[in-house]
Chemist: 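I'd like to ask some things about the structure below.
Reminder, nothing fancy here: chain letters follow the sequence lines and each chain counts from 1.
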Amino acid sequence: MSTATQQQGSITMTERAAARAREMLGKRGTPEGAIRIGVTTAGCSGMSYKLEFCDSVAAEDRVFDSHGIRLVVDEKSLLVLNGTLVDFETAQFRSGFKFINPLEKERCGCGESFKV
Amino acid sequence: MDVLLDIAEPGTAPKPHDPRPRERRRVVGIDLGTTFSLVAAVDLQGKPACMPDSAGSVSLPSIVHYPGVGGAVVGQVARDLAITHPQDTIASVKRFMGRGLTDVAAGGYRLRAGSGGMVQILAGERWRSPVEISANILDELKKRAEEALGGPLHGAVVTVPAYFDDAQRQATKDACLLAGLEVLRLVNEPTAAALAYGLDRGREGIYAVYDLGGGTFDISILKLARGVFQVLATGGNSALGGDDFDHRLAELFLKEMGIAQPTPGDLHAARRAARQAKEGLTTSATASVRLDRPDGSPYQREIDRAAFDVLTQDLVRATGAPCRRALKDAGVTLEELQGVVLVGGSTRMPAVRVFVADLFKREPLVDLDPDQVVALGAAIQADVLAGNRRTDDLLLLDVTPLSLGLETMGGLVEKVVPRNSPIPTARAQDFTTFKDGQGAMAIHVVQGEREMVDQCRSLARFELRGIPPMVAGAARIRVTFQVDADGLLTVSAREQTTGVEQSVAVKPTYGLGDGEIERMLRAALEHGAADLDRRHLQEARVEAERVLHALLSALAADRSLLNADEMATIEAAMTILRGAMAGDDQRAIQEKIQELDRATTFFAQRRMDHNIRNVMTGRQLTDFE
Amino acid sequence: MMRDRRCWSCGVGVADAPFCPGCEVIQPPDAGVDHFALLGVPRGFQVDRGRLEQGYQERQARFHPDRFALASATERRHSLEWATQLNTAWRTLRDPVLRGGYLVRLLGGRGEGSTASGGQAGRADMNDGDPEFLMTVMEMREELAELSANPVGTGERVAQLRQEIERRIATELTGLEKALTRALAATSAPVLAEAERHLDHLRYHQRFIEELERLEEELA
């Protein structure tokens, strides 16, 4: 039994991010689908966030529910994403999802890669 | 800058620093004005909007200051510097675009004729072309747009006064090239304004757009129907604008102050005071003026609106003839007009509004900001050209503002493309030789409405050679004029009867020749390249610092995961990187960063596995309990 | 008349289609097609203005270079050729004098000065057998020259001159229409001399109006 499992990690979305994700899943024709979040690594020069539609959940994946959206994270990524809040931001001329990660310590100049 | 992500299809999420595939292309509309310049884009709601600077202002003063050393300063800061550095601070550069020394008033600047007769201005200890100065303004707008849109621009629609001739258009396009902007299209300012107006309310019918800017006046008659914006006629004066009202008032001040030979500083101060008084008079009946005389004593005066109107009434009235001519060319009567739209900051002057209402027998429309409407329309057209709009519901059909012709015998002009011809257009005219055995023919291309060549603008001269010997009048030389959708002209000539094909294509030479543009681009690149190299070097060093720092903290935590050999390899790679950081070679530093990355990939992997094992172990323990 | 033409891009036979039926890519326009057919209006001196405008706009909406801003260089070139040809056709058909001259040319007459390729030689040749017309024209020109030399207070006379020239133009246009209608209906080689005479007169009147307008502007 794993009530403890859920306590060991958490990935959440803000309500507006969940609403946007739901809209995009609907548009894609997979309204019941999940969203995969993760990191890609590149040696020591940093990592970057990954956000994809998810069609299959693997054994080493963990699944979180946030405002009705299933968020799938592989265990390795969870190590550096634990506690992350995914938000959706709208400026006048651009919009998109933003990762608020308490473990994140530095970012490269352009904001595309980070370190923990 | 925060990176904002989209949800990608599985396996297609971009790697860091990869270009992102985007649904919408980042494009903007730019109003490169005489006194102010603006940049706009279509926002996420599908509405065009101007982009503000960090202080919230959307209007960038079109003023560039060149310090002796360092880069150009553009905008409000440059405007403030104009008082103390009048000659190194260039305002209203638009009136010099594509112009020769004899066409323009110096206005206190140090001018000379550059290559092709084009004006050059001495500022910041160097002779600069108006193209180059305009490029500095465009550069500032480009930076602003890239910040707001979150990445490099795909292209821009740039507006020009409808009455700009070919040389002025070519110069504008060259300035964009120099600023690294891809020009999607040059669009006439009143046409852009009509686009913003027409879309705003879904208006249909025939409209007049009266556009009095800082340095130019345009009138356009357009028909709006089913999303097609068709220009029926256009006219104007590319050397009449709000600046002239300032100058008129400034002359009065200088005369009253007893300054017969004003210094550049005197001129700047008087014009600045004049502009403030003019702006004050749009809302109040009187304005007060304060200036310092050369002896330090104060000059003070009140001016009321009536006096200002008398002083400038010939300027306002000068806009009447082009309006009447445009209506006639369009074949439109006043009764057929649906409305008159006011564009340009100078239409805020009450006397202008009264004049327009009287001329067109109706109250003009002013519901969109006359300063912003041109940039907003350009943004819409950019969105259309970039394919960002889902529906093909908009089309602009524009015309040539001025007649294009050739010099014939006796210095007369033979018109080949009449003014207000819809563009793109191609027209041909046949000419013949006037002497027996004449082997060459001079082709002189001019633009303008007058009958004599010397009263028109000379655009290009070239010679068609190799005409086979024939009696006078037997040769048939066909000269073809082609005007593209930007309003730019190409001329070619060919001898037809003998089947000997001679074809010459010329671009107007009054602007910048291709060679000169190339040289300037190279100079700008070399100049900018030096700055850029320094910046890249600095960035590489910072990046190296960060990588080393991250690695050191990882080693402090998990050194136990490495054996002695592995540790030695990593330390060697770190030493090499530190060595590269001491040097000036940015590329070497980046190479060494990558080498260190490769040398430590296994370590990063091992740390992650180790951490996961710890977590797994923890979970199993928990589960047991 | 179907042409044997293949798509420049994919090689499929396209005949007269503006877009390839196979790959949907824009084809070069047929330079031989006449202005009436190009804009979809019936051939004749009278043209339904609304139909002309709509035909022009609808076609520009399909072929204008703005529609091909992101397409290949060849596609952009063909779109430019289409838009140029549409503009020439529209400009010619909306103006009665240009339209008349164009019709005369279509019927095999000289139709000088009426189209893009109008020749220089013989341009201002005056028909010798028309002394009465010549006399009137010269008198009017002389008066205009006198008025231009001393324009103050001539407003009323200038307005009268305008009325007179406009009346003359209307008469010539009516004559041109009759002559062209006959020529268009002719079963054998049409007689075009009368239409050409009206066109010559109209060109003289147009030049007179241009000079008159210069004077009017001065007076305004």
Chemist: Answer with side chain, backbone, both or neither: which region of A:Arg20 has an atom nearer than 4.5 Å to a non-hydrogen atom of chain B?
Modeler: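 For A:Arg20, neither part sits under 4.5 Å from chain B.
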Chemist: Between CG of A:Leu51 and CG of B:Leu4, what distance do you get to the nearest 0.5 Å?
Modeler: 11.5 Å
Chemist: As an exercise, state the distance from CD1 of B:Ile7 to NZ of A:Lys50, rounded to the nearest 0.5 Å.
Modeler: 14.0 Å
Chemist: Among B:Leu44, B:Val42, B:Asp43, which residue satisfies the side chain to side chain contact (heavy atoms under 4.5 Å, CB included) criterion with A:Phe93?
Modeler: B:Asp43
Chemist: Compare every heavy atom of A:Glu52 with every heavy atom of B:Pro10, then report the nearest pair and how far apart it is.
Modeler: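 Closest approach of B:Pro10 to A:Glu52, heavy atoms only: CA-OE1, 3.4 Å.
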Chemist: With a cut-off of 6.0 Å (strictly less than), are more than 12 heavy atoms of other residues, nucleotides or ligands near CZ of A:Arg16?
Modeler: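 Count over threshold, so yes.
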Chemist: What's the verdict on side-chain contact (heavy atoms from CB on, under 4.5 Å) for A:Phe97 and B:Asp6, showing C-alpha distance, side-chain angles and the deciding distance?
Modeler: CA-CA 6 Å; A:Phe97 293 92; B:Asp6 285 332; 5.5 Å; no
Chemist: Answer yes or no: are there more than 12 heavy-atom neighbours, outside B:Glu571 itself, under 6.0 Å from its atom CD?
Modeler: yes
Chemist: Quick check for you: to the nearest 0.5 Å, what is the distance between A:Thr90 atom OG1 and B:Gln45 atom CD?
Modeler: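 Between atom OG1 of A:Thr90 and atom CD of B:Gln45 there are 8.0 Å.
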Chemist: Taking side chain as C-beta onward, heavy atoms only, is A:Arg94 less than 4.5 Å from B:Arg26?
Modeler: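 The answer is no, as the side chains (C-beta and beyond) never meet within the 4.5 Å cut-off.
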Chemist: Does atom CZ of B:Arg587 have more than 12 heavy-atom neighbours, drawn from other residues, nucleotides or ligands, at distances under 6.0 Å?
Modeler: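 No, because the 6.0 Å sphere around CZ of B:Arg587 holds 12 heavy atoms or fewer from other groups.
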